[in-house]
Amino acid sequence: MHQTAAYNDIRRDLVSLLPKVRRFAMTLTRNASDADDLVQEVCERAITKSHLWNGEGRLESWIYAMTRNLWVDEVRKRKVRSGAGTVDAGEQNELIVDAAGEKAVYAHQLNKMIMSMPEGLSSVFVLVNVEGHSYKETADILGIPIGTVMSRLSTARLRLSAMVTGDTERRA
Amino acid sequence: MNDLRKQPLDVRLSALLDGEVQHDEKDELERLIATNSEARELYDRLKRGSEIGNIAFEEFLKEPVPLALVRKIKKTEPPQQNASRSNGLRSHFVSALMQPQAMAACLALLVVGGGIGYFLGAGSFVPDVPVQMAQAPVQKNWLDDIAAYHRVYARQQRHLAAVPPSEADHIVSWLTDSVGVGFKLPDLSPDGLEFKGARLLVAQGKPVAQLLYRNQENDIIAICFMKNGDSTDDGFDETIKDDIGLVSWHKGAVAYVVVGPSSEATLTKIAEKVSTQI
């Protein structure tokens with residue numbers, strides 16, 4: 001019975017990490033409903049595979065990598081079902097901005113602004129800029145080369161800066 | 001560290017912001033920023049993007065996490081960790097049986113057992129074995145009562161407790177007499193839980209002591225205990241009843257439970273601490 005308490009640890013850690021995992025999932029899915037479904041699946045998988053977690057490094061890195069892998073699978077399935085799907089940021093020649101991204105946004109609309117960024121950019125930005133993962137850790141989590149991490153990060157920063165600058169200019 | 005000399009300037013300056021450039025390159029880039037206005041302007045834009053993004057993503061953390069998600073996680077059963085161990089034992093047992101001496105012993109037991117069975121069967125001997133009914137777990141029933149009480153009392157502001165925390169000595173003597181269980185008031189202040197007083201409840205027709213604490217999120221966490229006929233010790237068992245989470249255990253002839261919101265991630269940790277202090 002004492003094992004219950006030990007097992008609770010990963011569940012407890014997962015509950016504590018939920019806001020961050022959910023935020024990371026949002027950068028992949030870019031909508032709350034898909035993000036919640038993804039997080040639920042990730043957490044169930046993390047608990048059932050908790051014996052595989054070796055306790056080294058950051059738990060969130062393991063969870064994030066699992067989140068990203070599950071999302072890649074899901075996107076693949078959707079492509080098969082619909083014949084189309086999300087294009088990875090690394091495969092795009094130019095950045096896609098949806099209608100929401102075209103509109104100027106104010107400080108309280110920053111979330112929407114972030115959601116208008118391609119998946120690959122916001123995920124890299126969150127991992128490096130917001131959560132302080134190294135380029136190597138980020139590359140491992142997202143399964144991309146370090147060079148891609150670097151170029152996406154720079155693009156994300158310039159894009160975020162331009163969004164607000166553009167907004168300020170429009171308001172002036 | 002990465003050698004970035006072949007990368008575009010914006011990528012190199014971005015890496016400078018993250019401290020992911022080699023020492024000599026760092027000096028070179030800093031000199032460039034100091035002397036070249038275009039480089040400085042680009043660096044400022046990157047920095048601004050960094051700051052804006054940080055603010056935006058911090059906002060995400062303020063969004064409430066769906067309670068259903070938290071419950072789902074807590075209800076997900078982990079794998080049986082001892083499966084591989086039992087497999088190991090089984091294979092060891094099987095290999096031991098394959099030893100010649102063991103096989104001979106099994107054969108002898110089979111002959112002797114078969115003979116006894118034949119004689120007993122011939123005499124129509126039917127052993128009168130009493131059927132032992134498993135006793136229904138009392139714990140689950142009293143937990144229903146505790147969860148129901150918690151839903152009501154946790155919402156109380158002015159009348160949360162029957163006896164205030166200032167009368168700690170009285171609480172201990174009163175509840176010890178009423179419930180028949182000696183205890184000490186656990187100090188959970190290092191975990192951010194402030195003692196708010198006590199109540200006497202009734203669950204399954206028995207008196208139950210309830211010690212009430214408030215955490216930093218303003219949620220009520222309670223410790224309840226009652227005298228229980230069984231004197232079995234067991235480990236922690238987590239149960240979720242809709243919005244209420246309960247971590248229960250037995251020690252000696254006493255049943256304990258820590259109860260709080262099911263979204264509270266630290267109930268088991270609190271229960272572990274209480275079990276050592278109370």
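Letters A, B, ... mirror the listed sequences (proteins, then strands); counts begin at 1. These numbers come from a predicted model, not from an experiment.
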Undergrad: Give, as side chain, backbone, both or neither, the part of T27(A) having an atom under 4.5 angstrom from any heavy atom of chain B.
TA: side chain

Undergrad: For a 4.5 angstrom cut-off between non-hydrogen side-chain atoms, does T155(A) reach V11(B)?
TA: no

Undergrad: Donor-acceptor pair, distance only, cut-off 3.5 Å: does the side chain of E20(B) make one with the backbone of S134(A)?
TA: no

Undergrad: Shortest non-hydrogen contact from P66(B) to D36(A)?
TA: CG-OD2, 3.5 Å

Undergrad: Is a salt bridge present between D18(B) and R157(A), judged by a nitrogen-to-oxygen distance below 4.0 Å?
TA: yes

Undergrad: How many angstroms lie between atom NZ of K20(A) and atom CG of L61(B), to the nearest 0.5 angstrom?
TA: 8.0 Å

Undergrad: Are the side chains of L42(B) and L158(A) in contact, using a 4.5 Å heavy-atom criterion?
TA: yes

Undergrad: Among L13(B), N54(B), D44(B), who wins on heavy-atom pairs under 4.5 Å with chain A?
TA: N54(B)

Undergrad: If I measure from the heavy atoms of chain A, does K269(B) come under 4.5 Å with its side chain, its backbone, both, or neither?
TA: both

Undergrad: So with a 6.0 Å cut-off around NZ of K273(B), is the heavy-atom count from everything else above 12?
TA: yes

Undergrad: Tell me, with the steps shown, if L69(B) and V15(A) meet side-chain contact (heavy atoms from CB on, under 4.5 Å).
TA: CA-CA 9 Å; L69(B) 200 54; V15(A) 171; over 6 Å; no

Undergrad: The test is side chain to side chain donor-acceptor pair (under 3.5 Å); show your working for R48(B) and S161(A) and say whether it passes.
TA: CA-CA 6 Å; R48(B) 192 165 53 235; S161(A) 174; 3.2 Å; yes

Undergrad: Measure the spacing between OG of S154(A) and CZ of R12(B) and express it to the nearest 0.5 Å.
TA: 12.0 Å

Undergrad: Any sub-3.5 Å donor-acceptor pair from N129(A)'s side-chain atoms to S50(B)'s backbone N or O?
TA: yes

Undergrad: For chain B, which of E131(A), K136(A), M26(A), R22(A) has the most heavy-atom pairs under 4.5 Å?
TA: R22(A)

Undergrad: Looking at every non-hydrogen atom in both residues, tell me the closest pair between L160(A) and G49(B) and how far apart they are.
TA: CD1-O, 3.6 Å

Undergrad: Nearest heavy-atom pair of R12(A) and T266(B): which atoms, and what distance?
TA: CD-CA, 3.9 Å

